[in-house]
Chemist: 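Below you'll find the structure I mean.
We use all heavy atoms of the structure for the numbers below, so side chains are in, but hydrogens, waters and symmetry mates are not.
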Amino acid sequence: MTTMNVDEIRAILDLVREHELSEFELEFEGLKLKVRKPGTAQAIPVPPLMPASPLPSVSVPAAPGHAAHLVTSPRPAGPVPEADADLSIVKSPIVGTFYRSPEPGAPPFVETGAQVKKGQVLCIIEAMKLMNEIESDYAGEVVAVYVDNGQPVQYGERLFAIRVK
């Protein structure tokens, strides 16, 4: 069974704080580590496969930072524009980190109220160090941006609402 030293556990906790993760789980060569912030859903306790010395509970406070590519709990939906049959929703085709602009400090690809063309780049989603340009499948007006810059997104999560022409 693999063991972890205190420095390795601290490094994992620092990553959880830095990336504002609500939950992190690692399982490797018989070692299982699960970190969950207070206020998140409780998991059913899993007994260890092999006897081991008990580890203290770890509570990770929320800290401001950057988003990560790791699995996170879903967050509440963003603002919902008025009901309209002409609205089309652009959803994330991958899991990753959402970026509104091509680089830090640059203006966003699109803003609410902007007119977009089919095939126009709306955002970038970084996944495994690869920058993936997400293009619009619709021509029309951007009426909502559901995700904040630098936030993690899940597959199928709403990114934009576009009122089609």
Side-chain angles (χ1 to χ4, degrees), residues 11-28 32-44 46 58-165:
I12 289 172
L13 293 175
D14 288 342
L15 285 171
V16 169
R17 279 188 210 100
E18 178 184 345
H19 297 295
E20 299 180 11
L21 301 177
S22 57
E23 183 177 328
F24 175 83
E25 187 172 339
L26 171 71
E27 191 168 346
F28 181 73
K32 186 170 185 176
L33 173 69
K34 183 181 269 189
V35 177
R36 178 173 289 133
K37 288 184 189 177
T40 58
Q42 292 294 326
I44 298 170
V46 177
V58 179
S59 176
V60 181
H66 299 285
H69 320 290
L70 303 173
V71 175
T72 60
S73 297
R75 63 181 167 278
V80 178
E82 68 280 358
D84 191 331
D86 292 336
L87 285 185
S88 296
I89 305 298
V90 176
K91 295 181 179 181
S92 178
I94 57 176
V95 173
T97 304
F98 175 88
Y99 295 107
R100 292 192 61 190
S101 60
E103 60 187 37
F109 288 106
V110 296
E111 294 280 3
T112 302
Q115 295 295 318
V116 295
K117 299 175 185 169
K118 185 174 181 174
Q120 181 176 339
V121 175
L122 300 172
C123 65
I124 291 175
I125 297 181
E126 178 186 2
M128 299 181 69
K129 306 288 184 199
L130 295 174
M131 300 298 182
N132 301 281
E133 291 184 339
I134 307 304
E135 298 176 349
S136 178
D137 290 332
Y138 315 100
E141 176 189 359
V142 177
V143 294
V145 180
Y146 294 112
V147 183
D148 292 328
N149 192 50
Q151 294 299 304
V153 293
Q154 301 295 322
Y155 172 80
E157 185 172 343
R158 299 181 306 169
L159 303 176
F160 299 92
I162 298 175
R163 180 171 289 117
V164 294
K165 290 183 188 180

Chemist: Which atom names give the shortest non-hydrogen contact between S136 and I162, and what distance separates them?
Modeler: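 Here S136 and I162 meet closest at OG-CD1, 3.5 Å.
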Chemist: To the closest 0.5 Å, what do you measure between CD1 (I125) and CD (E133)?
Modeler: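 So the gap between those two atoms works out to 11.5 Å.
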Chemist: Where do R158 and V147 come nearest, in terms of heavy atoms and distance?
Modeler: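 Reported closest heavy-atom pair: O-CG2, 3.5 Å.
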Chemist: Answer yes or no: is there a side-chain heavy-atom contact under 4.5 Å between S92 and F98?
Modeler: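 A side-chain contact is absent here, since even the closest heavy-atom pair is not under 4.5 Å.
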Chemist: Tabulate below the donor-acceptor pairs under 3.5 Å that side-chain atoms of residues 103-118 make, not counting sequence neighbours, or state none.
Modeler:
unit_1	atom_1	unit_2	atom_2	d
E111	OE1	R100	NH2	3.3

Chemist: Roughly how far apart are I94 CD1 and I134 CD1, rounded to 0.5 Å?
Modeler: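 I94 atom CD1 to I134 atom CD1 measures 5.0 Å (nearest 0.5 Å).
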Chemist: Do Y99 and N149 make a side-chain contact, defined as non-hydrogen atoms from C-beta onward lying under 4.5 Å apart?
Modeler: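 Touching, per the 4.5 Å side-chain cut-off.
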Chemist: Would a 4.5 Å heavy-atom cut-off, applied to side chains only, mark L159 and L122 as touching?
Modeler: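 No. Closest side-chain heavy atoms not under 4.5 Å.
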Chemist: Could you tell me whether the side chain of C123 reaches within less than 4.5 Å of the side chain of F160, counting heavy atoms only?
Modeler: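 Contact flag for F160/C123 side chains = yes.
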Chemist: What's the shortest heavy-atom distance between I124 and P102, and which atoms?
Modeler: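 Result for this residue pair: CD1-CA, 3.9 Å.
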Chemist: With rounding to the nearest 0.5 angstrom, report the OG1 to CG distance, T97 to N132.
Modeler: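 So the OG1 of T97 and the CG of N132 are separated by 11.0 Å.
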